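All figures in this text were calculated on a predicted structure; none of them were measured in a lab. Only heavy atoms go into these numbers, but all of them, side chains included; no hydrogens, no water, no symmetry mates. Chain identifiers are assigned alphabetically (A, B, ...) following the order of the sequence lines, protein sequences preceding nucleic acid strands; residue numbering begins at 1 within each chain.
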There are 2 protein chains.
Amino acid sequence: MKKLLNTSHIIEKVKHNVKVTGARIADRHLNLAVTGLSGSGKTAFITSIVNQLLEANETAELPFFSVVREERLIGVKREAQPNLSLRRFAYEQAMQALNASPPTWPESTTGISQVRLHIRYRKNSGLSRYISEDTKLTLDITDYPGEWLLDLPLLEMDFLAWSEHCESELQSPERHELASDFLIARDALDLDAEGDELGLKHVAKLYTDYLHKCRGAGFQLLQPGRFILPGELAGAPVLDFFPLSAPQIEGLAQNRKRKGSNQDLLFRRYEHYQEQVVKPFYVEHFKRFDRQVVLVDCLSALNYGKAHFDDLQRALNWLLTSFAYGKSNLLSRLFTPKIDKLIFAASKADHVTPDQQSNLVKLLDSMLHNARKQMQFEGVSTESTAIAAIRASRAGRAEHAGQDMQILQGTDADGKPIRLFPGDVPAKCPDSQFWRQQGFDFPRFAPPVREESHALPHIRMDRVLEFILGDKIR
Amino acid sequence: MKKLLNTSHIIEKVKHNVKVTGARIADRHLNLAVTGLSGSGKTAFITSIVNQLLEANETAELPFFSVVREERLIGVKREAQPNLSLRRFAYEQAMQALNASPPTWPESTTGISQVRLHIRYRKNSGLSRYISEDTKLTLDITDYPGEWLLDLPLLEMDFLAWSEHCESELQSPERHELASDFLIARDALDLDAEGDELGLKHVAKLYTDYLHKCRGAGFQLLQPGRFILPGELAGAPVLDFFPLSAPQIEGLAQNRKRKGSNQDLLFRRYEHYQEQVVKPFYVEHFKRFDRQVVLVDCLSALNYGKAHFDDLQRALNWLLTSFAYGKSNLLSRLFTPKIDKLIFAASKADHVTPDQQSNLVKLLDSMLHNARKQMQFEGVSTESTAIAAIRASRAGRAEHAGQDMQILQGTDADGKPIRLFPGDVPAKCPDSQFWRQQGFDFPRFAPPVREESHALPHIRMDRVLEFILGDKIR
């Protein structure tokens, strides 16, 4: 390590600094996060984003993506991802599934994964077009489970408050039924007794089983989020806790807990979960995100019925707290979040006829309405849209009972062609009266058969790209 | 939070400090680590330790365990484990398997797991027996894969040095054969070309396949250790590297690597693996261990033949570097290790006749000899022994060709009773001549059928307990 003054070295250093500063001013790096509750279509969405960008100058149809429309895009390339400890987003495997014969939907991801793209383009005005022929934006896309965001509000609740919240969730008759084994075991538990790791593990297992059953039945507000996808925490005591019953909560609120007792273990595990499981995601990942896409599958919730639709709405409210940067917000106590653009996308818009897509956006907006009212999205520009990351149907017209109507054509899961009118989408949350009279039955389509060399067909992905990237590649 | 002076509070604090200091002086806490390469019998060993201790005053036979012999043991209890993020050692599941009808061997563990026991006992002399009627030792047992220790030497090698080491490993004809797909893909790789994540992933996958094949063929020296048990790193680029060939190493030693090229990616991943995968285990876990058990399955290596036996010996040498605390040692640069007692146990001693067990210890010693010579185990007391954590055979006598000889009786995997003389154990590493003339064929026994309420039968676990715990519970 030489410590001598060396002029050329200093000049190099100055040059380097100028370069780094330049890169910052030019906003040449963007961290895009994509999330959504399980089944919302995260894998299809990211696969489509990558595919549209890679094919932007070839076969992709992106009329609303300005850099393409203005013929300023030079090229897009996948690059080595920056965080070596994160799973690489399995783009190639997803494309393989979509290119298979017959095509299949890509496997969904279970944790966090990442992909980096380099986007080369020409600036559309200003001095810089004379300085450099082309400019580069590095786009990092991070995929993470929306369930993790459902855990954020846990940081503001102690164990008793969280138990109370869960008690109110369990009032729903359907959930209560699914929880019956858990409830019996939990209510028989002596909280003052000396800590019984195995006994607690047994009850926690029944609670986890209940969450899995809920998920299987289409519920989305499942807490704690890691109980369902434990990863390396599988079998660790930090996941061996569960919410207490109302009488247990009342008993504990008055008593002091004895060290080493069952209640003491439960409190400590809950606190460990808050500190060692929930917080690290925000500190290590969330704080780096610049922009966020939240995918919402409204149609499946409509299919399931009122209880599930309400449940999705509550889950979205919980999820939104991660993006509300009011003064009292938890996140601002942990760090300063950077997200400046937030897009909510109702996914699978190809499962309704084109004339119903505006209703789908309105429905999404009405679901988010309550949450938005209560929150201040300070300095965050939000947008709602309806998209199909990978369009699996074509719209057509047919005559039915003397009326000309829009219909959808596609293939069902067994490969049989289907033509149908999937039904109207309500423009706001339907009232109880409505649910009693009729249900919904939106179809499920198999992925489209297409030329392998062609970009993935989509609905409004170009508008999403413009919202996310447009201002960064002017 | 009151800040007022409160005398009773101060007194409480003084009391507390005295108590803590007392606990330290009395050595009332012990972190025992158990490791061994895969298949060495870690799960059976820890299950047996816990079972012997829990049953020590009832049905266990522990004549050499002084606290039991002197009738000073009051009781042992499993307690809630301290590290909530680590898997709980699955003692109950292991006992369930052993108590099943027919009994089965417990499932082996794949990562790190933990169990805590509280041991209450009476001191055998000194003032303290008058002060407190009984004393408590908290014993934490941590189970971790021996493969992780094989990675320690990587910290002292850069990527090229490690590649050279792997090249020499690949000289073995059998390994070379298993590696053929990997070798073809690797040698075709252009290291100077621009980084191709997918291409590297493909070659890394073939390298990982090779390691799995080696493992299936009975080899033990497999690096990097996490490639085989990736856990949450599955799919992450940090596991997408592999050793280079001799010509590639030579080429690189002369050239500077271009940023973003294949070679650059490989170097960075190797370095990330060193810093973010290998080191954390030592910093977070290893430095806390007070005593260590290393299990070695010599008999399977003998069964496999010379190449595997030599391989096990080399693996043990690598593994031992983690316990050699000379001045130049890597570990002392990371932290000050605490391990003061180290026991090497040849496992499955019930698979040879009693008269061969002393040879088994001698064989183990001769395998460790080279490594021990080169290392300074400063302040570490080491011991070798042969044990059966769960004895699956009974020794008997039979006449064969007019000679009275020792035989074993047990049950094979299909539940059929077997009586056999499993053969002599060589007292030192057999020479090449020997391997050419004959092989070994030690049997595999099914677990013993026994009364569920009875402690697990064993060989020399009482001596192991005495070596590990004896001085701490005097």
Option in A:E194, A:R78, A:Q114 with maximal non-hydrogen atom pairs under 4.5 Å from chain B:
A:E194
Can you tell me which of B:E79, B:Q276, B:E92 forms the most heavy-atom pairs within a distance under 4.5 Å of chain A?
B:E92
Tell me, for B:E232 versus chain A, whether the close heavy atoms (under 4.5 Å) come from the side chain, the backbone, both or neither.
both
Could you check which of B:G260, B:G111, B:A80 has the highest count of heavy-atom pairs closer than 4.5 Å to chain A?
B:A80
Nearest 0.5 Å please: distance from the OG atom of A:S163 over to the CZ atom of A:F267.
7.5 Å
Neighbour count >12 (heavy atoms, 6.0 Å) for atom NZ, A:K201:
yes
With chain A, the option among B:S85, B:A90, B:G195 that has the most non-hydrogen atom pairs under 4.5 Å is B:S85
Where does B:P230 contact chain A at under 4.5 Å (heavy atoms): side chain, backbone, both or neither?
backbone
What are the two closest heavy atoms between A:Y144 and A:I112, and how far apart are they?
CB-CG1, 4.1 Å
Chain B contact via A:L198 - side chain, backbone, both or neither, heavy atoms under 4.5 Å
both
Out of curiosity, B:Q223 CD to B:L154 CG, how far, rounded to the nearest 0.5 Å?
5.5 Å
Could you give me the CA-CA distance, side-chain angles and deciding distance for A:F227 and A:F242, then say whether side chain to side chain contact (heavy atoms under 4.5 Å, CB included) is met?
CA-CA 10 Å; A:F227 277 41; A:F242 42 82; 5.8 Å; no
Could you tell me which of B:L233, B:L239, B:N83, B:V238 has the largest number of non-hydrogen atom pairs under 4.5 Å with chain A?
B:V238
With A:D140 as reference, evaluate A:R288, A:H29, A:Q81 under the side-chain hydrogen bond (donor to acceptor under 3.5 Å, both in side chains) test and give the passing residue.
A:H29
Any side-chain donor near an acceptor of the partner, A:D158 and A:Y270, under 3.5 Å
no
Examine whether an atom of B:L200 lies under 4.5 Å from a heavy atom of chain A, and if so say whether it belongs to the side chain, the backbone or both; otherwise answer neither.
neither
Between B:L86 and chain A, which part of the residue has a heavy atom less than 4.5 Å away: side chain, backbone, both or neither?
backbone
